[in-house]
Amino acid sequence: MPKLSKRTALRASLSVVVLLVVSFSYAEATLMKYLEVEDLARLSTEVIHGQVVSTKIYWDDAHKNILTGVKVQVNDSYKGKAARGTVVSLVQLGGTLDGLTMDYSGRPTFRVGEDLVVFARPNQRPNQRPNQGNELLVVGLKQGKLAVRGNEAVRELSGVSFVDADLAPTAKAGRKTVQLRYTLNELRDRVARVR
């Protein structure tokens with residue numbers, strides 16, 4: 001086998017690095033580990049079925065990050081202490097404000113009136129705004145927010161790629177598929193088994 005000169009080896013290495021950087025720059029997906037409903041439930045302190053009643057986009061106190069605050073009125077609590085009829089507060093990084101957008105693939109989005117199931121846990125790094133100490137974060141980015149359509153909860157995973165090589169969000173030959181739809185009863189039962 002011929003030996004490569006240091007210069008040729010360096011060029012080959014740089015070519016691979018450039019190819020990887022270019023590949024990643026064109027990929028518009030967040031890479032993450034796939035989480036089953038049970039995984040999401042274990043990582044969450046609250047699993048809530050409810051409706052979005054308001055959203056608010058604002059700067060953090062340091063005026064460095066754009067945050068989106070979401071208020072959800074609880075219809076049912078699959079896990080946690082949120083009582084029916086109460087309103088819980090979610091917060092997440094990202095949004096558009098003052099002509100600037102802070103965004104990333106895989107970020108769940110919310111709209112007023114939306115019916116959803118959300119897996120959440122307490123915000124470990126509160127943004128120090130008044131009355132924000134009880135904020136929750138969505139667990140698993142888009143994996144932790146399911147849209148409710150009738151009696152079904154549906155995962156919307158656009159912009160997400162999984163590190164699990166044998167997973168695909170749609171059926172493909174030779175690949176295990178990701179479950180995208182659950183009845184609300186199935187979802188509630190699967191969360192309850194984790195408690």
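In this text the structure is predicted, and so the values were computed from the model without any measurement.
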Hydrophobic cluster identity match, Val139 and Val148, side-chain contacts under 4.5 Å: yes
Lys NZ or Arg CZ of Lys145 over Phe110 ring: under 6.0 Å, within 45°: yes
Derivation of the side chain to side chain contact (heavy atoms under 4.5 Å, CB included) call for Leu146 and Leu187: CA-CA 10 Å; Leu146 289 77; Leu187 193 60; 4.3 Å; yes
Approximate separation, where rounding is to 0.5 Å, of Gln92 CD and Thr55 OG1: 10.5 Å
Trace of the salt bridge (charged side-chain N to carboxylate O under 4.0 Å, His left out) decision for Asp60 with Lys64: CA-CA 6 Å; Asp60 67 3; Lys64 290 184 178 180; over 6 Å; no
Residue pair Arg107 / Asp103: nearest heavy atoms and the distance that separates them: NE-OD1, 2.9 Å
Check: Lys142/Ser158 side-chain N/O donor and acceptor closer than 3.5 Å: yes
Heavy-atom donor-acceptor pair, Glu46 side chain to Ala82 backbone, under 3.5 Å: yes
Between Glu156 and Gln143: side-chain donor-acceptor atoms closer than 3.5 Å: no
Presence of salt bridge, Glu38 and Lys79, under 4.0 angstrom: no
Residues Arg188, Asp76: salt bridge by 4.0 Å N-O rule: yes
Gln51 side, atom CD; Asp115 side, atom CG - distance, nearest 0.5 Å: 4.0 Å
Heavy-atom check, side chain of Val117 versus side chain of Leu184, under 4.5 Å: yes
Closest heavy-atom pair and its distance - Gly140, Leu40: CA-CD2, 4.5 Å
Polar contact flag, side-chain donor to acceptor under 3.5 angstrom, Tyr182-Arg190: no
Minimal non-hydrogen separation, Val112 against Ser54, with atom names: CG2-CA, 3.9 Å
4.5 Å side-chain heavy-atom contact, Ile66 and Thr96: no
Thr68 (side chain) donor-acceptor with Gly94 (main chain) under 3.5 angstrom: yes
CG-CG distance between Leu137 and Leu90, expressed to the nearest 0.5 angstrom: 8.5 Å
Donor-acceptor pair, side chain of Ser44 and main chain of Val47, under 3.5 angstrom: no
Within one Ile-Leu-Val-Met-Phe-Trp-Tyr cluster: Tyr104 and Tyr58, side-chain cutoff 4.5 Å: yes
Verify same cluster id: Leu136, Leu93 (apolar side-chain graph, 4.5 Å): no
Whichever hydrophobic residues join Val154 through chains of side-chain contacts under 4.5 Å: none
Val70 side chain near Val91 side chain, heavy-atom distance below 4.5 Å: no
Hphob cluster co-occupancy, Leu43 + Met32, side-chain heavy atoms under 4.5 angstrom: yes
Passing option when Val118 is tested against Val88, Ile48, Val52 for side chain to side chain contact (heavy atoms under 4.5 Å, CB included): Ile48
Asn75 backbone acceptor or donor facing Arg84 side chain under 3.5 Å: yes
Test side chain to side chain contact (heavy atoms under 4.5 Å, CB included) applied to Met102 and Asn65, step by step: CA-CA 8 Å; Met102 181 176 281; Asn65 295 305; 3.6 Å; yes
Asp98 side chain vs Leu100 backbone, donor-acceptor pair below 3.5 Å: no
Any donor-acceptor pair under 3.5 Å from Glu114 side chain to Arg111 backbone: yes
Taking every non-hydrogen atom, the tightest pair across Thr45 and Pro122: OG1-CD, 3.2 Å
Connected via hydrophobic side-chain network under 4.5 Å: Val74 and Phe119: no
Residues Glu152, Glu186; criterion side chain to side chain contact (heavy atoms under 4.5 Å, CB included); working and verdict: CA-CA 9 Å; Glu152 274 191 330; Glu186 174 190 6; over 6 Å; no
Salt-bridge criterion met for Arg193 and Asp189 (N-O under 4.0 Å): no
Side chain to side chain contact (heavy atoms under 4.5 Å, CB included) between Val160 and Arg155, worked out: CA-CA 11 Å; Val160 174; Arg155 286 186 177 210; over 6 Å; no
